[in-house]
Amino acid sequence: MKRLLVLCLAVFLLFPLTACQRIRDDVPVQIIADAVGSKIEGYANLSAASDDYLRYCMKSDLTLYEEHLLLCPFAGQVYNEIGIFKLMPDADRAQALSELQGYLAFRTANWDMRYKADECAKAEHARVLVCGRYCFFAILSDAERAAAEKAFAAALQ
């Protein structure tokens, strides 16, 4: 009985640690985007930004990324945006994180007034998540962002 109790405690204590360590690094960013998109109203209205946009507006060094996808609206009054970036195995994570955080600060500081004023709060609340070799951000409402972040993490399990 004592052994069974020790075994049960070990399983309950160790399972969360092993579950967190199982992050896949072979998931295409489009698959992750589609999983996240299932939680976002108007996902079908988002379009991929060009590499030129990433280089010049995000001031991004694209050599940091094995794969990337930035989905933005190009019409309408609702602003939703998601970015998914898969780092190269030897990429400078701090530099990538700094670039993405800088972009979010840029989006907030240079808000396009064609969108509703309350849409700016989405950019103000955005944050960058890092999970394994993947970086993710979402400029969404609080509820959609929370659901998108969960979908992002689940897609990498």
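The model shown is predicted, which means the values in this text are computed figures rather than measured ones. Note that the numbering runs from 1 along the sequence shown for the chain.
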Let's go through His68 and Asp51 carefully: what are the C-alpha distance in whole Å and the side-chain angles of both, what is the deciding distance for side chain to side chain contact (heavy atoms under 4.5 Å, CB included) to 0.1 Å, and is it a yes or a no? CA-CA 9 Å; His68 57 274; Asp51 284 355; 2.8 Å; yes
Enumerate the residue pairs fulfilling ring pair (Phe, Tyr, Trp, His ring centres under 6.0 Å) with a member in residues 39-67, sequence neighbours excluded, ordered by first and then second residue. Tyr65-Phe85
Sorted by chain and number, sequence neighbours left out, salt bridge (Lys or Arg N to Asp or Glu O under 4.0 Å) with Asp90 holds for none
Closest non-hydrogen atoms of Arg24 and Gln157, given as atom of the first, atom of the second and distance, are CD-O, 3.3 Å
Check salt bridge (Lys or Arg N to Asp or Glu O under 4.0 Å) between Glu149 and all other residues, then give those that pass, not counting sequence neighbours. Arg127, Arg145
Main-chain N/O of Val27 paired to Tyr134 side chain as donor or acceptor, under 3.5 Å: yes
Heavy-atom side-chain contact between Leu70 and Cys72 under 4.5 Å: yes
Given side chain to side chain contact (heavy atoms under 4.5 Å, CB included), test Ile40 with Ile82 step by step and report yes or no. CA-CA 10 Å; Ile40 299 170; Ile82 60 173; 3.7 Å; yes
Could you pull out the closest heavy-atom pair between Lys39 and Ala151, with the gap in Å? CG-CB, 4.0 Å
I'd like to check Leu104 versus Ile139 (side-chain heavy atoms, cut-off strictly below 4.5 Å). Are they in contact? yes
Check step by step if side chain to side chain contact (heavy atoms under 4.5 Å, CB included) holds for Glu67 and Gln30. CA-CA 9 Å; Glu67 210 181 344; Gln30 185 63 59; 5.6 Å; no
Residues His125 and Asp142: closest non-hydrogen pair is ND1-OD1, 3.2 Å
Can you tell me how far apart CG (Leu69) and CD1 (Ile31) are? Round to the nearest 0.5 Å. 11.5 Å
Would Met88 and Leu156 show up in the same hydrophobic cluster when neighbours are defined by side-chain heavy atoms closer than 4.5 Å? no
Leu71 to Ala33 - nearest heavy-atom pair and separation: CD1-CB, 4.1 Å
Heavy-atom side-chain proximity of Glu119 to Val78 below 4.5 angstrom: yes
With sequence neighbours left out, the residues meeting salt bridge (Lys or Arg N to Asp or Glu O under 4.0 Å) with Arg55 are Asp52
Hey, are the side chains of Phe136 and Cys131 touching, using non-hydrogen atoms and a 4.5 Å cut-off? no
In terms of heavy-atom contacts, Asp26 and Lys86 come closest through CA-NZ, 4.1 Å
Quick test of your reading: applying salt bridge (Lys or Arg N to Asp or Glu O under 4.0 Å), list the pairs with at least one residue in residues 94-104, sequence neighbours left out, ordered by first then second residue. none
Give a yes or no on whether Glu41 atom CD has more than 12 heavy-atom contacts from other residues, nucleotides or ligands under 6.0 Å away. no
Cys135 side, atom SG; Leu87 side, atom CG - distance, nearest 0.5 Å: 4.5 Å
Residue list, salt bridge (Lys or Arg N to Asp or Glu O under 4.0 Å) with Glu81, at least two apart or on another chain: Arg107
What I'd like to find out is whether the side chain of Pro73 reaches to under 4.5 Å of the side chain of Asn45, using heavy atoms alone. no
Could you report the tightest heavy-atom contact between Met58 and Leu100, atom names first, then the distance? CE-CD2, 3.4 Å
